[in-house]
Amino acid sequence: MITFSIDEPSLGVFPEPKRSGKLMPQYYKNLSVQSDSNPQNGTAKRCVPFMESITAGYIIPLWSDLFVVAKNGEIELTFPDNLPMNESLGYHGYQQLQDHPASHMSYGKDLMKFINPWIIETPPGVSCLFTTPMNHFETRFKLVDGIVDTDTYYNQINFPFVWTGGDGEFFIEKGTPLVQVFPFVRYDFNKYQVKTTNYKKQNKTLAILGTVLRHGYRKYFWHKRKK
């Protein structure tokens, strides 16, 4: 079990973390399963790998409204004046991540971090990957991805990010999906191999897929996750 803990005054005030499937992006909810009447012509909503990326793990929502003004190379982020947190925003120096791929973008050198109010705790041997919510296509900010051994590090984990929204005024609503959390069991994958393709095995897979008009991967290869 994964546990999210917060200061007592904030419990019930800040939106709680949820299973990612509870906060799916609206465009995905609106998407039809079929692009037309032909059963072979499905959309991304029929793609299990796409669906799993959206529904796996947990989402930490933004705990309050946020107003961003970015203009002429200056960026200002404003949280509510009476927000019941000592701090919601921190900063990193550009020298800590010099010449990263987004540094040439507007505000790409302004490395900021969300001060996360939640402590995440996992069972022994389980770590967490933190990233921008997958396939939400968030264009305003990009988190700096990180992995933390949440089974031993009992403390708030903050989320560095780069503003990618460019110039303008932006109102980001409380409850907006901010961080996707993927708990995983730590294994050593130091040993690996590179070899030629096993075409007999691949052709068997292709043959099975060739017998159905849709849902081949879902029916024959996918392992349904427990709720």
Side-chain angles (χ1 to χ4, degrees), residues 1-2 19-21 23-25 27-29 31-60 96-105 108 120 122-139 141-153 157 159-162 164 177 179-227:
M1 176 186 291
I2 183 171
R19 292 290 299 267
S20 296
L23 292 172
M24 289 188 292
Y27 82 87
Y28 183 78
K29 293 179 182 179
L31 193 64
S32 298
V33 175
Q34 294 288 138
S35 57
D36 57 37
S37 59
N38 188 328
Q40 294 189 103
N41 296 335
T43 67
K45 200 161 192 175
R46 217 170 72 185
C47 176
V48 175
F50 194 96
M51 176 273 291
E52 287 224 284
S53 72
I54 290 177
T55 58
Y58 302 84
I59 294 286
I60 296 177
Q96 292 182 270
L97 199 61
Q98 291 187 45
D99 299 326
H100 64 82
S103 62
H104 67 283
M105 299 174 60
I120 298 102
T122 50
V126 177
S127 297
C128 285
L129 166 67
F130 300 93
T131 189
T132 306
M134 297 183 71
N135 284 324
H136 282 239
F137 295 101
E138 175 59 63
T139 59
F141 56 85
K142 173 66 181 79
L143 297 186
V144 178
D145 308 319
I147 291 175
V148 177
D149 291 350
T150 44
D151 55 342
T152 56
Y153 186 71
I157 298 160
F159 306 122
F161 70 98
V162 173
T164 53
V179 183
Q180 193 164 4
V181 184
F182 293 99
F184 66 93
V185 178
R186 292 191 298 273
Y187 288 108
D188 267 333
F189 286 101
N190 293 325
K191 294 182 179 180
Y192 72 101
Q193 59 181 330
V194 177
K195 62 180 185 179
T196 57
T197 302
N198 183 335
Y199 288 110
K200 183 178 180 180
K201 187 175 182 179
Q202 184 186 29
N203 288 336
K204 179 67 176 294
T205 300
L206 293 172
I208 293 171
L209 291 173
T211 63
V212 293
L213 288 170
R214 60 185 179 186
H215 305 313
Y217 172 71
R218 184 190 296 266
K219 286 181 178 178
Y220 297 109
F221 303 101
W222 179 50
H223 297 85
K224 188 173 182 179
R225 310 298 184 252
K226 294 181 179 179
K227 297 293 185 181

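When atom types are taken as modelled, the side chain of T164 and the backbone of F141 share a donor-acceptor pair closer than 3.5 angstrom. Checking side-chain atoms of T43 against main-chain N and O of S32 turns up a donor-acceptor pair under 3.5 Å. Of the possible polar contacts, none joining the Q202 side chain to the L206 backbone as a donor-acceptor pair under 3.5 Å is found. Judged by distance alone, with hydrogens and angles left aside, the side-chain atoms of D36 form a donor-acceptor pair with the main-chain N or O of N38 at under 3.5 Å. No donor-acceptor distance shorter than 3.5 angstrom exists from the side chain of H215 to the backbone of R218, with no hydrogens or angles considered.
Inspection of the D149 and S127 side chains reveals an N or O donor paired with an N or O acceptor under 3.5 Å. Inspection of the D145 and T131 side chains reveals an N or O donor paired with an N or O acceptor under 3.5 Å.
Residues I208 and K219 form no side-chain contact, since every pair of their non-hydrogen atoms from C-beta on lies 4.5 Å or further apart. Put simply, the side chain of Y28 does not reach to within 4.5 Å of the side chain of H136, judged on heavy atoms. Counting heavy atoms from C-beta outward, S20 and Q180 have side chains that approach closer than 4.5 Å. The shortest side-chain heavy-atom distance between F221 and L209 falls under the 4.5 Å cut-off. Taking the side chain as every heavy atom from C-beta outward, Y220 and V212 approach each other to under 4.5 Å. F130 places a side-chain heavy atom less than 4.5 Å from the side chain of I157. Annotation: side chain of M24 is in contact with side chain of T55 (closest heavy-atom distance under 4.5 Å). In this structure, Y58 and P183 have side chains that are in contact, with non-hydrogen atoms separated by less than 4.5 Å.
For E138 against T132, the heavy-atom pair with the smallest separation is CB-CG2, 4.2 Å. When all heavy atoms of S53 and F182 are compared, the pair lying nearest together is O-CZ, 4.2 Å. Scanning both residues, P123 and D151, for their nearest heavy atoms gives O-CB, 3.2 Å. Closest approach of M134 and I54 over heavy atoms only: O-CG1, 3.8 Å. In terms of heavy-atom proximity, K45 sits nearest to K29 at NZ-O, 2.9 Å. Here the shortest heavy-atom pairing between Q34 and R214 reads OE1-NH1, 3.7 Å.
Using a 30° and 60° split on the angle between ring planes, F189 and Y187 fall in the perpendicular class, above 60°.
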Using the side-chain contact (heavy atoms from CB on, under 4.5 Å) rule, take C128 and T122 through it: C-alpha gap first, then chi angles, then the decisive distance, then the call. CA-CA 8 Å; C128 285; T122 50; 3.7 Å; yes

Assess the residue pair L143 and V179 against the criterion (side-chain contact (heavy atoms from CB on, under 4.5 Å)); give the C-alpha distance rounded to whole Å, side-chain angles, the decisive distance to 0.1 Å, and a yes or no. CA-CA 8 Å; L143 297 186; V179 183; 3.6 Å; yes

Residues Y217, R46; criterion side-chain contact (heavy atoms from CB on, under 4.5 Å); working and verdict: CA-CA 10 Å; Y217 172 71; R46 217 170 72 185; over 6 Å; no

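Once rounded to the nearest 0.5 Å, the distance linking CD of E52 with CZ of F50 reads 13.0 Å. The line from CE of M105 to NE2 of H100 is 9.5 Å long, rounded to the nearest 0.5 Å.
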